[in-house]
Amino acid sequence: MKTLRLILGDQLNIKHSWFKEVNDNVLYCMFETKQEASYVKHHIQKIVGFLGAMRDFSVKLNEKRHRLIYFKINDENNFHDFKNNILQLIEKEDIKHFEYQYPDEYRLNEELETLASSLPISTSVLSSEHFYTEREELTVFFKDKKQTVMESFYQYMRKKHQVLIENDKPVGGKWNFDKSNRKKWKEESLIPIPYDIKHDVTKIVAEVKRAGVKTFGIINERYFDYPLNRDEAIGQLNYFVKELLPLFGDYQDAMHVNEVYLYHSKLSFALNIKLITPKEVVKKVETSYYNDEAISISQAEGFIRQILGWREFMRGMYWKLMPNFKKTNFFEHKNKLPDFFWTGNTKMNCVKNCLKNSLNNSYAHHIQRLMVLGNLALLLELDPEEVDKWYLGVYIDAIEWVQLPNTRGMSQYADGGIIATKPYISSANYIDKMSNYCLDCSYNKKDKTSVNACPFNSLYWNFLASKQEKLQKNRRMFMMFNLLNKMNLKLLESVKSRAKSIIYEPDNY
């Protein structure tokens, strides 16, 4: 029976069981579509990264002698949507059966389910064979539990998969070494020379422009340095474990004006398009911990928690809460995204640096995304839908299953506390504690009300004052509200007045 198999742009797993055997009756198809390039406005590096990795993957399939039809973005026979491309191939190639792997995004899942049910041939769907968990595993785990807390799920995952477990106990005597992972980097340690990846993507950039795809951000067309194939992803992983992991945990929350990646792995893009699996990454880190005295438990556990814990937790929450989750807006915020999110032009040094990282590199690490940019978006009362679209478009590793729960849930608290136990907000104090951003800033990190006062300070206290009624039952907010209630009323009014002027015209700050 002649079979057509669809491979999506984030399903580049050459180790998938599909590819174990070559079968002349199996035809694979891959499409570069304007539909996928334009459902939000994407960073140019994200578009180039996906197309570059897809094209490299197509070469690997051809080398293994699998039959493949590949439509590039400017091909004349490309209809730029899955349905018409697939119908075209079914008729042309006399296909009798259609197969696809479960997509990770809800919208694509719906689209392909509808497509499959409408086809005049038999269809089947199977696992992408990537994640530790099945889609519904988290939902089953939290059934009848009052709260969906990541820590309990993380412990369950550690035990189930026997990761950093000895005699049924966590290695090191604790499940979580988060308190050891909050050091400020003061340039006391060297950042090793990056792993050498260099792609000339001038041809892809030209093709994207010719196709009329609207993008933003910048790209070094002759030095694109993200992994685009499995070998490069494994090389990046090996480099990370040897050179960066010994200090990763210490500085995983740190930020610095002169460093983009610090000790972070730069593996998220490769992971999310499935060049490598989370099991491979976790196994490599765990084995290296046992074999390398330079790697302490706090470094290894801090990284494994992000992959085995947070990444799987976010995916499970996505499938548990969709589709209604995408409409949540607990605080009913409606403000538009300021222009500086697209330009980086702001006097706030922390925001400017995090935006510079994002716009120049299609990257920012989790604290820059959460505690600077996400923090500001929440304090400015931005519409979570606009925030979602920006985060989904700007970061090379952003796919909705991981972006949406992190942004709308964790960062913007738009779900009212389903994912995060409290809003992740802060004044300048936290940002100063974890970075050197405040040193050269035109604003005063300690002031709340003057024209030179850090905007985060007045915005922070204004948020607490305006949201107190909605959040007063949240136990984790008690201490903040106690401080708020002790604030001099005249000072509080001045704080609120300055905050409102910032919220009204954020591009002036």
Side-chain angles (χ1 to χ4, degrees), residues 2-39 42 44 46-95 97-101 103-105 108 111-112 115-116 119 121 123 125-126 128 199-213 224 226-233 269-270 272-275 399:
K2 204 166 184 182
T3 298
L4 180 67
R5 289 175 172 174
L6 172 66
I7 303 170
L8 298 177
D10 63 345
Q11 294 177 340
L12 310 183
N13 176 13
I14 200 67
K15 296 295 184 180
H16 192 278
S17 58
W18 263 1
F19 310 119
K20 286 183 178 179
E21 296 180 358
V22 175
N23 186 336
D24 288 340
N25 285 320
V26 173
L27 176 65
Y28 294 94
C29 61
M30 298 177 70
F31 312 128
E32 299 175 3
T33 67
K34 293 179 184 178
Q35 168 189 303
E36 290 305 295
S38 305
Y39 65 93
H42 292 288
I44 181 60
K46 184 178 182 185
I47 297 293
V48 167
F50 269 81
L51 299 193
M54 289 170 67
R55 293 181 183 191
D56 195 298
F57 191 78
S58 73
V59 172
K60 298 294 190 297
L61 289 183
N62 285 324
E63 288 174 349
K64 291 178 179 291
R65 302 192 180 281
H66 293 287
R67 294 186 63 219
L68 171 69
I69 291 182
Y70 190 106
F71 290 169
K72 291 186 176 181
I73 198 160
N74 289 303
D75 284 353
E76 290 183 1
N77 53 350
N78 187 348
F79 284 101
H80 292 285
D81 68 75
F82 294 118
K83 181 178 181 179
N84 287 307
N85 281 343
I86 287 167
L87 286 173
Q88 174 187 188
L89 294 180
I90 288 174
E91 181 177 358
K92 183 178 179 181
E93 300 291 335
D94 193 27
I95 300 295
H97 182 71
F98 173 67
E99 293 182 350
Y100 66 100
Q101 299 172 28
D104 292 321
E105 289 194 336
L108 283 179
E111 180 179 345
L112 291 180
L115 168 61
L119 292 178
I121 59 176
T123 65
V125 57
L126 70 163
S128 65
H199 295 282
D200 186 332
V201 294
T202 52
K203 183 178 179 182
I204 298 178
V205 172
E207 290 180 36
V208 170
K209 290 179 179 178
R210 184 158 66 91
V213 176
F224 185 78
Y226 283 98
L228 294 183
N229 55 58
R230 178 172 171 80
D231 288 344
E232 290 176 350
F269 174 63
N272 290 355
I273 63 173
K274 303 180 180 60
L275 297 179
I399 303 173

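Values below: every heavy atom of this structure, side chains too, minus hydrogens, waters and symmetry copies. All values reported here derive from a predicted model rather than from experimental measurement.
Listed by chain and number, the residues in a side-chain hydrogen bond (donor to acceptor under 3.5 Å, both in side chains) with K64 amount to none (sequence neighbours excluded). With sequence neighbours excluded, no residue satisfies side-chain hydrogen bond (donor to acceptor under 3.5 Å, both in side chains) with T123. Legend: residues meeting side-chain hydrogen bond (donor to acceptor under 3.5 Å, both in side chains) with D81, ordered by chain and number and at least two apart, are N84. For R55, the side-chain hydrogen bond (donor to acceptor under 3.5 Å, both in side chains) partners are E32, E207, not counting sequence neighbours.
Side chain of N62 to backbone of S58: a donor-acceptor contact under 3.5 angstrom is found. Between the side chain of R230 and the main chain of L275, a donor-acceptor pair closer than 3.5 Å is present. Checked by atom type and distance alone, the side chain of H97 never pairs as donor or acceptor with a backbone atom of R5 at under 3.5 Å. A donor-acceptor pair under 3.5 Å is absent between the side-chain atoms of H42 and the main chain of I47, judged by distance alone. Remark: side-chain polar atoms of Q11 are paired, donor with acceptor, to backbone N or O of L8 under 3.5 angstrom. With hydrogens and angles disregarded, no donor-acceptor distance shorter than 3.5 Å links the side chain of N85 to the backbone of F82.
Side-chain contact between F19 and K60 is absent, with no heavy atoms from C-beta onward closer than 4.5 Å. Q101 is not listed as a side-chain neighbour of L6, based on a closest heavy-atom distance of 4.5 Å or more.
Residue H16 holds its NE2 atom at 9.5 Å from CD1 of I7, rounded to the nearest 0.5 Å. Here CD1 of I86 is found 10.5 Å from CD1 of I95. Values are rounded to the nearest 0.5 Å. Rounded to the nearest 0.5 Å, atoms NZ (K83) and CD (Q35) are 12.0 Å apart.
Annotation: salt bridge (Lys or Arg N to Asp or Glu O under 4.0 Å) contacts involving residues 8-27, sequence neighbours excluded, are absent.
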Sequence neighbours left out, cut at 3.5 Å: what donor-acceptor pairs do the side chains of residues 87-94 make with other protein atoms?
from, atom 1, to, atom 2, distance (Å)
Q88, NE2, N77, O, 3.0
D94, OD1, K96, NZ, 3.2

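Proximity of the aromatic rings of F79 and F71 is defined here by a centroid distance below 6.0 angstrom, and this criterion is not met.
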